[in-house]
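In what follows, chains carry the letters A, B, and so on, assigned in the order in which the sequence lines appear, proteins first and then strands, with residues in each chain numbered from 1. The structure displayed is predicted, hence computed values, not measured ones.
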2 protein chains.
Amino acid sequence: MEKHADTLRNHGIKPSLTRMLILSYLTEEGSHPTVEEIYKALIGTIPTLSKTTVYNTLHLFTQKKLARAVMLKDQETRYDLAAHPHAHFQCLECNTVYDTSAFPQLSAPEEFLKHTVEDVSILFTGLCQSCREKSSHIEQ
Amino acid sequence: MEKHADTLRNHGIKPSLTRMLILSYLTEEGSHPTVEEIYKALIGTIPTLSKTTVYNTLHLFTQKKLARAVMLKDQETRYDLAAHPHAHFQCLECNTVYDTSAFPQLSAPEEFLKHTVEDVSILFTGLCQSCREKSSHIEQ
DNA sequence: TTATAGTATTGTAATCAATTCAATTTTAAA
DNA sequence: TTTAAAATTGAATTGATTACAATACTATAA
Ligand SMILES: [Mn+2]
Ligand SMILES: [Mn+2]
Ligand SMILES: [Zn+2]
Ligand SMILES: [Zn+2]
């Protein structure tokens with residue numbers, strides 16, 4: 001838990017209990033959680049927790065480059081820690097999101113060199129292995 | 001106009017006037033328009049146009065691979081023709097979206113080979129040239 | 001300790017893009 | 001023309017997000 005307090009301080013965020021628990025959830029529990037998921041996961045531990053606080057905290061984390069909003073084919077915003085940049089694959093059938101361990105090698109387009117590129121998001125979409133096997137089992 | 005009718009037919013879409021005008025707008029007018037923008041642009045020409053029809057049409061175009069929903073840091077979904085796949089750069093200051101002429105060379109992550117990848121989205125974000133020049137002019 | 005100011009958290013109301021759905025209109029085939 | 005299917009409409013609703021004012025908490029100075 002002190003580890004999370006340090007992480008917060010390192011990003012210029014004062015470590016409150018709520019903030020530590022949200023960081024803890026992002027670090028150890030669910031992957032790419034929504035505000036709703038985080039709220040439901042923590043309301044047992046922090047009975048006074050407000051959904052607005054979860055929104056506020058994630059905005060703060062994002063601003064301080066501790067977390068980032070993942071770009072996915074979803075209506076609800078999903079969040080990820082910013083520490084290890086990586087690409088995503090999202091299955092359009094079951095909506096599962098898979099991570100890459102490393103960031104894919106990407107040659108920057110010359111046309112964008114005149115701009116100041118701060119970040120890159122890469123999302124692969126398609127049918128995941130599990131869904132493909134299921135559907136090939138159904139269609140004889 | 002007959003060109004757009006052909007394009008629609010080639011994608012298995014029956015060419016109605018509304019659909020041709022929406023395709024025309026995507027092709028010739030604004031870049032990465034929202035539903036709202038398309039609606040406002042066409043309501044003069046089709047006074048009975050419903051926003052629901054614009055939503056329906058864009059969903060149909062997307063399903064038939066004629067258009068695609070562009071993934072951007074925006075609350076409103078923006079649309080693009082699917083014909084020429086390309087990456088985007090979005091300025092976080094002025095929100096302008098720039099296109100690449102070609103799709104950046106991207107080595108597919110091995111971890112995703114077991115899935116069936118159907119599409120890839122690439123978004124660069126940062127500060128565009130114009131905004132950078134403006135801000136460097138202000139700060140002496 | 002107490003007062004005070006700044007920060008964090010809360011809860012309600014409002015916003016707004018997107019969807020639902022039943023009614024209506026249009027189109028094309030019989 | 002009749003009829004069925006497809007396309008379009010518009011009102012109501014959903015649901016994520018934001019705005020905002022009230023309350024609670026924290027830290028520091030008197
Ligand atoms: Mn991830
Ligand atoms: Mn584009
Ligand atoms: Zn799947
Ligand atoms: Zn800009």
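- A salt bridge links A:Glu28 with A:Lys3: the distance from a Lys NZ or Arg NE/NH1/NH2 to an Asp or Glu carboxylate oxygen falls below 4.0 Å.
- Of the listed nucleotides (D:dT18, C:dT9, D:dT8), D:dT8 has the atom at the smallest distance from the side chain of B:Thr18.
- Listed candidates were D:dA7, D:dT17, D:dT9. Nearest to the side chain of A:Tyr55 is D:dT17.
- With a 6.0 Å radius and a threshold of 12 heavy atoms from other residues, nucleotides or ligands, A:Gln129 has its CD atom above the threshold.
- Aromatic rings of B:Phe89 and A:His115 (six-membered ring for Trp) have centroids within the 6.0 Å cut-off, being under it.
- Looking at heavy-atom distances under 4.0 Å, A:Lys51 makes no contact with the nucleic acid at all.
- Salt bridge annotation for A:Lys73-B:Glu118: absent, with no cationic side-chain nitrogen under 4.0 angstrom from a carboxylate oxygen.
- More than 12 heavy atoms of other residues, nucleotides or ligands lie within 6.0 Å of CD in A:Glu36, so this atom counts as buried by the packing criterion.
- Rounded to an integer number of Å, the gap from NZ of B:Lys14 to P of C:dT26 is 15 Å.
- Side-chain proximity of A:His59 to the nucleotides C:dA8, D:dT18, C:dT10 is greatest for D:dT18.
- For the pair A:Glu36 CD and D:dT14 P, the computed distance is 16 Å after rounding to whole Å.
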Tell me, with the steps shown, if B:Thr62 and B:Arg68 meet side-chain hydrogen bond (donor to acceptor under 3.5 Å, both in side chains).
CA-CA 5 Å; B:Thr62 303; B:Arg68 69 174 70 201; over 6 Å; no

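- In this entry the distance linking OH of B:Tyr39 with P of D:dG10 reads 7 Å, nearest Å.
- Within residues 70-81 of chain B, the residues having any heavy atom closer than 4.0 Å to DNA chain C are, in order of number, B:Gln75, B:Glu76, B:Thr77.
- Listed nucleotides D:dG10, D:dT8, D:dA16 differ in distance to B:Thr52; the shortest reach to its side chain belongs to D:dG10.
- Among the nucleotides D:dT8, C:dC21, C:dT10, the one closest to the side chain of A:Ile46 is C:dT10.
- Between A:Arg9 and A:Asp6 a salt bridge is recorded (basic side-chain N to carboxylate O distance below 4.0 Å).
- Stem regions annotated for DNA chain C: C:1-30 with D:1-30, counting only runs of 3 or more consecutive pairs of Watson-Crick or G-U type with both contacts under 3.5 Å.
- Paired with B:His32 under the rule side-chain hydrogen bond (donor to acceptor under 3.5 Å, both in side chains), one option of B:Glu37, B:Arg78, B:His88, B:Gln90 passes, and it is B:His88.
- Atom CG in B:Leu58 sits roughly 11 Å away from atom P in C:dT19 (whole-Å rounding).
- Neither OP1 nor OP2 of D:dT26 sits under 4.0 Å from any side-chain N or O of A:Ser16.
- Distance, B:Gln63 CD to D:dA7 C1': 15 Å, rounded to whole Å.
- Separating the CG atom of B:Leu8 from the C1' atom of D:dA7 is a distance of 14 Å, rounded to the nearest angstrom.
- The B:Thr48 side chain lies nearest to D:dT9 when the options are C:dT9, D:dT9, D:dA7.
- Closest heavy-atom contact between B:Pro109 and A:Phe124: CD-CZ, 3.5 Å.
- Protein atom CD1 of A:Ile13 is 16 Å distant from nucleotide atom C1' of C:dT9, rounded to whole Å.
- When each of B:Val35 and A:Leu60 is assigned the nucleotide of DNA chain C bearing its nearest heavy atom, the one mapping closer to the 5' terminus is A:Leu60.
- Annotation for B:Glu93: atom CD does not count as buried by contact number, only 12 or fewer foreign heavy atoms lying within 6.0 Å.
- Residue A:Ser50 places no side-chain N or O under 4.0 Å from the OP1 or OP2 atom of C:dT9.
- The CG-P distance, from A:Asn56 to C:dT10, rounds to 10 Å in whole Å.
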